[in-house]
2 protein chains.
Amino acid sequence: MTYEAMDVQENLLRNDAEILEDTVTAFRSGSNMPARKRLYPVSPCDSCAAHKKAICSSLEGQALDRFRTKGRTRIIKVGEPLFFESEDIRYFYTVISGEVRLCNILEDGRRQVVGFRSCGDKVGEHFGGKYLYDAEAVCDTIVCQFPVRELEMQMQQSPEMRAKLMKIMQEEISELQQHTILLGRKTPIEKIATFLKNRASKLNLVGEENIEISLSMGRSDIADYLGLTVETVSRTISKLKAEKVIDVPSAHAVVVRDIQQLAVLADGKK
Amino acid sequence: MTYEAMDVQENLLRNDAEILEDTVTAFRSGSNMPARKRLYPVSPCDSCAAHKKAICSSLEGQALDRFRTKGRTRIIKVGEPLFFESEDIRYFYTVISGEVRLCNILEDGRRQVVGFRSCGDKVGEHFGGKYLYDAEAVCDTIVCQFPVRELEMQMQQSPEMRAKLMKIMQEEISELQQHTILLGRKTPIEKIATFLKNRASKLNLVGEENIEISLSMGRSDIADYLGLTVETVSRTISKLKAEKVIDVPSAHAVVVRDIQQLAVLADGKK
DNA sequence: CAAAAACCATGAAATAGATCAAAAAAAATC
DNA sequence: GATTTTTTTTGATCTATTTCATGGTTTTTG
C-alpha cells in the first residue's frame, strides 16, 4: 500500500480496526512517511490499551462513538514535536503508546522537562490561549488527537467527563507539587531513586521481585527532568547499580532488585 | 466586648458587617482569643477586597448570599496552621488578607514551600481524601472557610462556578510548571529576581517607578520556596541591593528600583 | 520595658555537584 | 555492514552554593 492511499479522506471509508493495523504495521516497519500523512481515524476504544485510564473512559455508547469520530490517531517519530509552547491551543492528545516529554526552554538553551506522558495520559491544555510547554516524542509514539472544542462541547453534556477532567487536573497538580519537593530539596540519589520508584509503581507490579522498568527517554531528558546534569544522572545510576539496588541491562532498561531499599533512598531516610 | 460574646451562635444574630469590624479590631489590637473562638459569619461580599478575584465571584444574587451563609470568617495568627497534609479534606479557604504558605515536609525535616497564597487566592483541595500540604499563616491572616460539600453542591448548579474552579486549577498548574523551571534550572540570582518580579507583577503596578513589595514571609520561607538556604537568600538580596536593582528598607519590604533589570536577571539574559 | 528568643546578614571553610575531557558503547546513516 | 554520529560512562578538576560560625537586629514574651 502506498502512503498516498493512506490519506485521511480515503481512510475514513475503510474499516477502522483494519486501518490502525495498517498504520502500526507501516509504522513499525520504519517507513518514513511524511508527518502530515501520519493521521488516521481512531479505531474502536474497547480494544485500546489507553482507554481505561484516558479521559474518553468517562464516555459510553453513542456519546463515545460520536466523540471518537472527531478524533484522529497520529504517529510521531522519536524527537518529533506534537506542538510548541508558542502555538495556539487547537488539539489535546491522549498517548496510546510510546512516551512524550513536556519541556520548557530558557532563552540561553537551559531546559526543564516538566513531565513525561505515557499510555492513557493526557497531553496539552483545553483552555487559555497558548500551550504551556513543548511536547515531543521521546520514542516512536502513537497518540489520539482531539480538537479542544469537541472536548468543550462534550463536557457540557457529560458531567462524567467534567469530573474526569477535574480529576486529571488534580492529579497533575499533586504530581507537580511532589516534583517541586524533589527539585528543591532532594539529593541526586534521592532524585533518581524517586524517579525509578515512581516509574516502577506506574506498572502496578508492586510486591513482585525484579521489576523491569523501561526508560524510553535518554539520560539528558532524565537530567532535565530532575534538575541534574547528564553526568550526574549517569554516575548516580551507576552508584545504585554498584549498591545492588538495581540492574542496568541496557541504557534504556532498569531492573529493580530491591524496591524497598529504593523507596528508602527515595525519601532520604538513609 | 468579651470573647464569650463573640461566639458564633450569638454573632449570627448580629449585623454581619458590624461583626467583621469588631472581629478585625479585636484582632488588630492583638488580643489573644483562643483559636476556636476566632470564627465569625462572613460579611457581605460586595465590600470584600478578595471577592473580585476569588471563586465566589462566579456567583451572584441569591446564590451568592446562600453560599455566603455556609461560610465562616476565620482569623489565623502568625505561624498558626490552617490544616495539615495528613488531615481529611473538610474545608477549603479563600484568603481575605494576610498570606499563607503551603508546605511539604520530608521526614528528616527538610521542607519545600510549594506556594504562597494571598488576597483572593484559594487554599486547600476540593476532592480526594487528604490535603496535599500543610497550610500555615506567614503573618496574621484572615480567611473565609467553606465546607467542601457546599462547594460541590454549588458547582452542580452553577456552570460559572465550575468554569471558575477549572480556571483556578489551570492557573495553579501553570504556576507550578513555571516554578519547576525555576527550581530545576535557575541560579540563585535568577530565582530571587523571578520571585521579586512575580510579587511585583501581582500588584498591577507595572510601569511605575519604585514598586514597593511587601515580603510577609521570613527569609527561611523564601529559601524553602526557592530551593536555597537562608544564607544564600540573604546574600543574594544583598547583592541585588548592591547593584541598585532594589532597595531593602526593612527585612519585610523591598522597593524595586529597576524593574527592567530585574526582569532581565529573572530570565538569565545576563 | 527588659530579657530572651528568633531572625537576618556576612565572613571563612568545606563540599556536592558542575564542568571539562576522553574513551566506550550504541544508534543512525549511507 | 562499515562508518559516522550520538549517547553514555567514567575520571579529574573546579566552583557555586552550602555549611559552619558569629555578631547585629528585630521581634516576642513575661
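Letters A, B, ... are given to chains in the order of the sequence lines, protein chains preceding strands, and every chain is numbered from 1. Excluded from the calculations below are hydrogen atoms, water molecules and symmetry mates; all remaining heavy atoms, backbone and side chain alike, are included.
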Measure from [atom1] on [X] to [atom2] on [N] and round the result to the nearest Å.
{"X": "B/Leu215", "N": "D/dT26", "atom1": "CG", "atom2": "P", "answer": "16 Å"}
{"X": "A/Leu228", "N": "D/dA16", "atom1": "CG", "atom2": "P", "answer": "19 Å"}
{"X": "A/Ile192", "N": "C/dG17", "atom1": "CD1", "atom2": "C1'", "answer": "13 Å"}
{"X": "B/Lys241", "N": "C/dT10", "atom1": "NZ", "atom2": "C1'", "answer": "12 Å"}
{"X": "B/Ile222", "N": "C/dC8", "atom1": "CD1", "atom2": "C1'", "answer": "11 Å"}
{"X": "A/Leu226", "N": "C/dA18", "atom1": "CG", "atom2": "P", "answer": "11 Å"}
{"X": "B/Asp224", "N": "D/dT18", "atom1": "CG", "atom2": "P", "answer": "11 Å"}
{"X": "A/Arg110", "N": "C/dT19", "atom1": "CZ", "atom2": "P", "answer": "10 Å"}

Quick one: on DNA chain C, does A/Thr229 or B/His252 contact a more 5' nucleotide (nearest heavy atom)? B/His252
Along DNA chain C (nearest heavy atom to each residue), the more 5'-positioned of A/Val78 and B/Ser238: B/Ser238
Heavy atoms from C-beta onward define the side chain here; which of [options] lies closest to that of [X]?
{"X": "B/Thr187", "options": "D/dT10, D/dT17, D/dT19", "result": "D/dT17"}
{"X": "B/Thr232", "options": "C/dT10, D/dT17, C/dC8", "result": "D/dT17"}
{"X": "A/Arg235", "options": "C/dA9, D/dT9, D/dG11", "result": "D/dG11"}

Is there a donor on the side chain of B/Arg219 or the base of D/dT25 sitting less than 3.5 Å from an acceptor on the other? no
Is there, by distance only and without an angle test, a donor paired with an acceptor across the side chain of A/Glu231 and the base of C/dC20 below 3.5 Å? yes
Qualifying residue for side chain to side chain contact (heavy atoms under 4.5 Å, CB included) with B/Thr141, from B/Ile75, B/Val100, B/Ile96: B/Val100
If the test is side chain to side chain contact (heavy atoms under 4.5 Å, CB included), which one of B/Leu82, B/Val143, B/Val138, B/Leu102 qualifies with B/Arg117? B/Leu102
If you assign each of A/Ser220 and A/Arg185 to its closest nucleotide in DNA chain D, which residue comes earlier from the 5' end? A/Ser220
Between B/Phe116 and B/Phe195, how do the two ring planes meet: parallel, tilted or perpendicular, split at 30° and 60°? tilted
In Å, rounded to the nearest 0.5 Å, how long is the span from OG1 of B/Thr194 to CG of B/Leu262? 8.0 Å
Heavy atoms only, 4.0 Å cut-off, all strands: where does A/Gly79 land among base, sugar-phosphate and nothing? nothing
Got A/Gln112 and A/Leu183 here, is their nearest side-chain heavy-atom distance under 4.5 Å? yes
